[in-house]
Amino acid sequence: MLADRNVVGLDEPVGTSLRGPHAHFARTVGRAAAYVPDVARFATVSPDPDGAEWDDLARLLGRGRLADMFSLPVVPPSSWEPVFVLDRLQMVWCGGPVEDGTGVVELGADDVPEMLDLAARTRPGPFCPRTRELGTYVGVRENGALVAMAGERLRPPGWTEVSAVCTAPDARGRGHAARLVRALVTRIAARGERPFLHVAKANAAAIALYERLGFETRTPVTFRGFRVP
Ligand SMILES: CC(C)(COP(=O)(O)OP(=O)(O)OC[C@H]1O[C@@H](n2cnc3c(N)ncnc32)[C@H](O)[C@@H]1OP(=O)(O)O)[C@@H](O)C(=O)NCCC(=O)NCCS
C-alpha cells in the first residue's frame, strides 16, 4: 500500500472536486453539495457535519432520493436508510507506459446515446447523460460501433480520476481498455496532474490491468449510498 504523499483531496474527492475545479457543476444548500443530477449522482457534506448539515443535504436532494456519498468517511443519522455499501480500492498512477492515442477517438455530445448503451451493457459504474461533460472521454470503434470507452471524472485539485473504463464483452482482450487508459494518463500527466481511479476490490481483471499500466493501490475505500428520509 502506498504511503500518503501528495494526496490532499483524495480522501474526499467529491467534495474537493465540487468545491474546486467542478464548482460549476455543483448545487449547494449550506455546506452540503451535490453534482447537477444528469452530470453525476454524487453528494457530499463537510468533514464533520452536524444534524443541520444533513438536513441541508436532505433539502438539496429531496425526500426519498438516493444520497450517493461516494467514499465519504462520515455517515448520516440512522434515519437515513443504507442502500448500498461497496468495497473499492483507490489507486493512483505512479508512472508507466504512455502513448500517442493511436486508434483512440475523442467522444462528443453526438456519441452520448452509444456511451450510455455501452455503460448499461458493461456496468463500469454510474454513467449519466451529461457525465461526458466532466472531462475528456475517449473511445474505440470497430466497424463504426463504439466498443470501448474511458474518461475523466472527479477533479480534486492536482488530480484527475479515470472512470467509465469499459469494453463490450465481445471486444475484450484486444487491449482496448489498456490503450484508452494510457491515452487518458498521457493527457492528464501532460497538464501536470496525476491520474487516480477507483475499482471494485473483487474486480481482479481490472486491478491487474491498472497495475500493468502503472497504478498502485493507495487505500481501500467504502462507497456508501443512503435513502434520504
Ligand atoms: C476490465 C475491462 C475494461 C477490460 O477491457 P479490455 O478491453 O478487455 O482490456 P484489455 O484487452 O486492455 O486488457 C485485458 C487483459 O486481459 C487479457 N484478456 C485475454 N482475454 C480476455 C478476455 N476474453 N476478456 C478480457 N480480457 C482478456 C488481455 O490480454 C489483457 O491482458 P494483457 O494486458 O496481459 O494482454 C473489461 O473487462 C470490462 O469492460 N469489464 C466490465 C466493466 C468494468 O469492470 N470496468 C472497470 C471499472 S473500474
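Because the structure is a prediction, the values reported are computed rather than measured. Both backbone and side-chain heavy atoms feed into the values below; hydrogens, waters and symmetry mates do not. When a ligand or atom number is given, it counts from 1 through the structure's own listing order.
- Side-chain heavy atoms closer than 4.5 Å link hydrophobic residues (I, L, V, M, F, W, Y) into clusters, and following such links, even through other members, never connects Met115 to Val165.
- The closest side-chain heavy-atom distance from Met69 to Val75 is not below 4.5 Å.
- Every atom of ligand 1 is numbered from 1 in the order shown, and the set under 4.0 Å from a heavy atom of His198 is 48 (S).
- Contact between Arg179 and ligand 1 is absent, with no heavy atom of the residue lying under 4.0 Å from the ligand.
- Checked for salt-bridge contact, Asp170 and Arg121 miss the test: no charged N lies under 4.0 Å from a carboxylate O.
- At a heavy-atom distance under 4.0 Å, atoms from both the backbone and the side chain of Thr167 approach ligand 1.
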Might you work through the side-chain contact (heavy atoms from CB on, under 4.5 Å) test for Arg41 and Leu66, ending with a clear yes or no? CA-CA 8 Å; Arg41 63 182 212 187; Leu66 174 70; 3.8 Å; yes
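- Residue contact check: Thr122 has heavy atoms under 4.0 Å from atoms 41 (C), 42 (C) of ligand 1.
- Counting heavy atoms closer than 4.0 Å to ligand 1, residue Leu197 contributes nothing at all.
- Not a single protein heavy atom sits closer than 4.0 Å to atom 35 (O) of ligand 1.
- Here the side chain of Gln90 pairs no donor or acceptor atom with the backbone of Phe196 at under 3.5 angstrom.
- Checking atom 11 (O) of ligand 1 against the protein gives a heavy-atom contact under 4.0 Å.
- Between Arg172 and ligand 1, a contact under 3.5 Å exists for at least one N or O pair.
- For Gly175, the heavy-atom gap to ligand 1 drops under 4.0 angstrom.
- Among all non-hydrogen protein atoms, the one lying nearest atom 9 (O) of ligand 1 is Ala177 CB, 3.4 Å.
- What sits closest to atom 17 (C) of ligand 1 on the protein, heavy atoms only, is Gly173 CA, 4.3 Å.
- Residue Val199 places no N or O, backbone or side chain, under 3.5 Å from any N or O of ligand 1.
- Between Val92 and Thr217 there is no side-chain heavy-atom pair separated by less than 4.5 Å.
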Check the pair Arg179, Arg174 against side-chain contact (heavy atoms from CB on, under 4.5 Å), reporting the backbone distance first and the verdict last. CA-CA 9 Å; Arg179 194 171 309 122; Arg174 295 179 203 159; 6.0 Å; no
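- Listed by first and then second residue, the side-chain hydrogen bond (donor to acceptor under 3.5 Å, both in side chains) pairs involving residues 71-81 amount to none (not counting sequence neighbours).
- Salt bridge status for Arg187 with Glu106: present, with a side-chain N to carboxylate O gap under 4.0 Å.
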What do the steps show when you test Arg191 against Thr160 for side-chain contact (heavy atoms from CB on, under 4.5 Å), and what is the final call? CA-CA 10 Å; Arg191 56 175 189 252; Thr160 294; 3.0 Å; yes
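- Interface of Cys166 with ligand 1, defined as ligand atoms under 4.0 Å from a residue heavy atom, comprises 3 (C), 39 (O).
- In this structure, the protein non-hydrogen atom closest to atom 45 (N) of ligand 1 is Val165 O, 2.8 Å.
- Close approach of ligand 1 to Ala178 (heavy-atom distance below 4.0 Å) involves ligand atoms 12 (O).
- With respect to the salt-bridge test (charged N to carboxylate O, under 4.0 angstrom), the residues Arg141 and Asp111 qualify.
- Taking every heavy atom of Asn203 and a limit of under 4.0 angstrom, the matching atoms of ligand 1 come to 43 (C), 44 (O), 46 (C).
- Taking 4.0 Å as the cut-off between side-chain N and carboxylate O, Arg132 and Glu152 do not count as a salt-bridged pair.
- Ring orientation note: the planes of Tyr35 and Phe25 are tilted relative to one another, at an angle of 30° to 60°.
- Not a single N or O atom of Leu209, backbone or side chain, sits closer than 3.5 Å to an N or O atom of ligand 1.
- Those atoms of ligand 1 that come under 4.0 Å of a heavy atom in Arg212, given as number and element, are 15 (C), 30 (C), 31 (O), 32 (P), 33 (O), 34 (O).
- Below 4.0 Å from some heavy atom of Arg174 lie the following atoms of ligand 1, by number and element: 11 (O).
- When only non-hydrogen protein atoms are considered, atom 1 (C) of ligand 1 lies nearest to Ala206 CB, 4.1 Å.
- In terms of protein heavy-atom proximity, atom 48 (S) of ligand 1 is nearest to Tyr210 OH, 3.2 Å.
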